[in-house]
Structure formats: C-alpha cells, structure tokens
Amino acid sequence: MQTATPSEAGLRARLQSIEGLELRVGEPLAGYNTFRIGGPAEMLGRVNTLDALSRILAEVADAGEGADPPRVQVLGLGSNVLIPDEGLGGLVLRLAGEFERVEFDGDRVWAGAGVPLPQLARRTAAQGRLGLEALAGFPSTVGGAVVMNAGCYGTEIKDLLVCTTVVEPGGRVAELTVDDLEPGYRSTVLQGRATIVADATFRTERGDAVAALARIRELNRKRKQTLPWGFPNVGSIFKNPPGDYAGRLIDECGLKGREEGGARISRRHANVIVNFDGASAEDVLALMRAARDAVGERFGVELEPEVVLTGALRARWTA
Ligand SMILES: Cc1cc2nc3c(=O)[nH]c(=O)nc-3n(C[C@H](O)[C@H](O)[C@H](O)COP(=O)(O)OP(=O)(O)OC[C@H]3O[C@@H](n4cnc5c(N)ncnc54)[C@H](O)[C@@H]3O)c2cc1C
C-alpha cells in the first residue's frame, strides 16, 4: 500500500472520530467476498447508523475540495464483485447495526440494506407474507440486491420494491421510488454511482406461511442441482444476452473446464467461474476475456459482465 498523503491522513482522522464507524486500514478484502479474491482496502469501515453514514459521505465530499473526492463503495456480501489483486483505494464500507433491522407493518416489510436477503425472505414467509420466496436462494444483502435489481425464478427485486432510502454523495438522505431506480435486467441507475442504499421497503401479500417456507426449500433444492457447489464463485459471470443464455454460448465454444492459474470455467455451468486454487483477479479476468472473445467471434454476440468489476479492473476489461 502507498503511504497516505497529509490530506488522506486528515480524512482518516476525521472519519475515526465519527461515532458508529469502525475503521480498519489495509484490511485484506479476500475474506469479504464469495470469490475469496482481492487485495487490501485502503480503509475498510463498518458503519452502524444512518447518521454515521451521512456524516462519512459529508466528510469525504469535503476532503475532495474541488478535486475528485476519495472513492467510496459499499460491499454487501461481496457475492457479485471481483476485487483487484492490488486492492481498492479510498473507503470501502460494510453496513451493520441499524442496517440489519427488519420491521413489519401491515403488508409492508422494511429492511436495512445490510440484512441478508435469504434471511429476510424466510422471516417474511414465516409471517405468512408472500412474494420474496424466489429470492431466498442466493447470497445477497438487501442493498446489493436493490442496486443489482437481483432476480431469480421470474421474480426481480423491482417487482416487490416500493421505495428505498439512499444517502447521496455529500451526505443528503433521500427517498427514491422503484421507478426512480429505472430498473432493468440486473441493472439500476445506482450502479457505478456513489449513492448508498440504506434501506428498502417491500410489498407482500397475505398467504400460507407453511406453503411459502416449503416453496423456499423446494426452489433452493432445485438451485443446488444446477449451480456448482464447493468452490468460491460469484454466480453468473455474464448477463444473458437477449433471447439466449451466456452459459450455452460459452459451452458451445468448448470452454467448460478451461483453466487459468487457480480459476476455472465451471464444468457444471459454463457461465460460472470458480476459484479452485488461490485464483487471482487477473486469472478470472483472463477467463472472462477468453469467453467474451470466443463467443464474439463464433456468434457475433458481445457478452456483458454481470459481476461488478471494481477498482482498476473495469478499465482493464474495456482496454
Ligand atoms: C452462488 C451464487 C448464486 C447467485 N445467484 C444469483 C441469482 O440467482 N440472481 C441474481 O440476481 N444474482 C445472483 N448472484 C449474484 C449476487 O448474489 C447478487 O448480485 C447480489 O444481489 C449481490 O449482493 P451483495 O450484497 O453481495 O452485493 P455485492 O456483491 O457486495 O455488491 C454488488 C454491487 O452492489 C454495490 N452495493 C452493495 N450494497 C450496496 C449498498 N447498500 N448501496 C450501494 N451500493 C451497494 C456494490 O458496491 C457493488 O457494486 C449469485 C451469486 C452467487 C455467489
């Protein structure tokens, strides 16, 4: 890691004085994502309150003073990110404390952005409130799922989301409706922005709790049969192109089982890359390029990453 400049050291000192923020410097990020890949975060913060989150973004904006402010990004469960081997500069935040609360109010359920989505879906189903069952089978926080408009088995977050509280760069707290997010297939306008999702309100319907919990178990059983288990991964690496499946196209190119360093295109599902032996981010990127180039050449289809390439990886991907 580079030594902090005086202004970075000043920002760090101001952040350290914020109540509700626990800050670590140079913390390796491999333990904070499901790929188990990535170098250290310049600063990794665990934020426990909305007030602290707002103050952090205000301090960071002040530190910019006309220049580019330090980059702030949130890590949920890290189940859809590839983190560079050299790590991430700026501030990486994880939402805990207040952000892990769930509240029920009539047919609405309110959840902090740090709540694990499978846990929320099971708690909601157990209350006889239906709608989230199809979203119980993959690792995600509520915040990550909102930003990604995550979906499974025909249900997407946007189908159930009513509104979300966000904290904008500079620290202003605002409420956005689902339409404000302009949700599309695994996308919302929040992607790549410095706006942070703090909570989400979902609508549900009254129904049978026992049947809903049984549906969750059944859908999760079905998923286990199709996805690779045992090795760290981030689920689908590419978005499905319109009317087709990225996995089918990669498979047709004969790439199942292809290896680069410690990473492999899964033999079970061609749209999943697994870290089978201490893979680096560069190993994964090399396999992604191989798949993109082969599919482009053979089918004339340009595969678009579903995994979020963080830090310098985005520029390396498009270079
Ligand atoms: C085994 C497996 C199966 C999967 N199956 C599916 C599936 O069926 N459907 C599906 O849609 N996805 C699937 N995924 C991908 C992943 O689980 C989803 O994209 C998930 O919503 C990511 O949530 P997260 O909290 O882990 O976000 P992260 O991976 O931590 O972050 C993803 C992006 O969201 C941003 N972000 C996270 N939280 C916030 C916040 N509070 N505010 C602002 N930005 C934020 C991050 O900065 C990053 O850019 C799967 C992953 C795995 C490992």
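Note that ligands are numbered from 1 as they come in the structure, with each ligand's atoms numbered from 1 the same way. Below, each value reflects all heavy atoms present in this structure, side chains not excepted, and no hydrogens, waters or symmetry copies.
Side chains of Tyr32 and Leu44 form a contact here, defined as non-hydrogen atoms less than 4.5 Å apart. Using a 4.5 Å cut-off on side-chain heavy atoms (C-beta onward), Tyr153 and Leu219 make contact. At a threshold of 4.5 Å between non-hydrogen side-chain atoms, the residues Leu21 and Leu93 count as touching. You'll find the side chain of Pro40 stays beyond 4.5 Å of the side chain of Glu27, heavy atoms only.
At least one heavy atom of Arg223 sits less than 4.0 Å from an atom of ligand 1. Within the structure, ligand 1 has Thr195 among the residues with a heavy atom less than 4.0 angstrom away.
Close N/O approach between Gly76 and ligand 1 is found [any backbone or side-chain N/O within under 3.5 Å]. Among the atoms of Ala113, none of the N or O lies under 3.5 angstrom from an N or O of ligand 1. Checked by distance only, ligand 1 and Leu77 come closer than 3.5 Å through their nitrogen or oxygen atoms. Distances between N or O atoms of Leu75 and those of ligand 1 include no value under 3.5 Å. In terms of polar-atom proximity, defined here as any N/O pair under 3.5 Å, Thr34 makes no such contact with ligand 1. For the pair Gly78 and ligand 1, the shortest N or O to N or O distance falls below 3.5 Å.
By the 4.0 Å N-to-carboxylate-O rule, Arg203 lies too far from Asp107 to be salt-bridged with it. A salt bridge between Arg258 and Glu260 is absent, with no side-chain N of the basic residue lying under 4.0 Å from a carboxylate O of the acidic one. Salt-bridge annotation for Glu302 and Lys239: absent, with no side-chain N of the basic residue lying under 4.0 Å from a carboxylate O of the acidic one. Ion pairing of Arg221 with Glu218 is present here, as a side-chain N (NZ or NE/NH1/NH2) and a carboxylate O approach within less than 4.0 Å. Using a 4.0 Å cut-off between charged nitrogen and carboxylate oxygen, Glu282 and Arg316 count as a salt-bridge pair. Look at Arg55 and Asp51 and you find no salt bridge, because none of the NZ, NE, NH1 or NH2 atoms lies under 4.0 Å from a carboxylate O.
Counting protein heavy atoms only, atom 9 (N) of ligand 1 is closest to Gly151 O, 2.6 Å. Atom 29 (O) of ligand 1 has Asn80 N, 2.8 Å as its closest protein atom, hydrogens excluded (heavy atom only). Shortest contact from atom 42 (N) of ligand 1 to any protein heavy atom: Val197 N, 2.9 Å. With hydrogens left out, the protein atom closest to atom 25 (O) of ligand 1 is Thr141 OG1, 2.6 Å, a heavy atom. Among protein heavy atoms, the minimum distance from atom 26 (O) of ligand 1 is reached at Ser79 OG, 2.7 Å. Looking from atom 1 (C) of ligand 1 to the surrounding protein, the closest heavy atom is Asn233 OD1, 3.8 Å. From the protein, the heavy atom lying nearest to atom 13 (C) of ligand 1 is Phe138 CD1, 3.8 Å. Scanning all protein heavy atoms for the shortest distance to atom 31 (O) of ligand 1 gives Val81 CG1, 3.8 Å.
Only the side chain of Val147 comes within 4.0 Å of ligand 1, judged by heavy-atom distances. Counting heavy atoms closer than 4.0 Å to ligand 1, residue Gln191 contributes nothing at all. With a 4.0 Å heavy-atom cut-off, ligand 1 is reached by no atom of Ser236.
Side chain to side chain, Asn149 and Thr188 fail the donor-acceptor criterion of an N or O pair below 3.5 Å. Defined by atom type and a distance below 3.5 Å, a donor-acceptor pair is present between the side-chain atoms of Glu22 and Asn48.
Under a 3.5 Å cut-off, the side chain of Thr195 and the backbone N or O of Leu190 do not form any donor-acceptor pair. The backbone N or O of Glu306 sits less than 3.5 Å from a side-chain atom of Asn80, completing a donor-acceptor pair. A donor-acceptor pair under 3.5 Å is formed between the side chain of Glu42 and the backbone N or O of Gly90.
Of the options Ala150, Gly144, Ala198, the smallest heavy-atom separation from atom 38 (N) of ligand 1 is shown by Gly144. For the residues Ile196, Val115, Val308, Val234, the heavy atom positioned nearest atom 33 (C) of ligand 1 is part of Val308. Nearest-residue assignment for atom 20 (C) of ligand 1 (options Ala194, Pro118, Gly112, Ser140; heavy-atom criterion): Ser140. Remark: among candidates Gly137, Cys152, Pro139, the nearest residue to atom 2 (C) of ligand 1 is Pro139, based on non-hydrogen atoms.
Residue-ligand proximity, Gly143 to ligand 1, at heavy-atom distances under 4.0 Å covers atoms 38 (N), 39 (C), 41 (N). Within ligand 1, the atoms closer than 4.0 Å to a non-hydrogen atom of Leu95 are 41 (N), numbered from 1 in the order shown. Taking every non-hydrogen atom of Arg186 and a distance limit under 4.0 Å, the qualifying atoms of ligand 1 come out as 9 (N), 10 (C), 11 (O).
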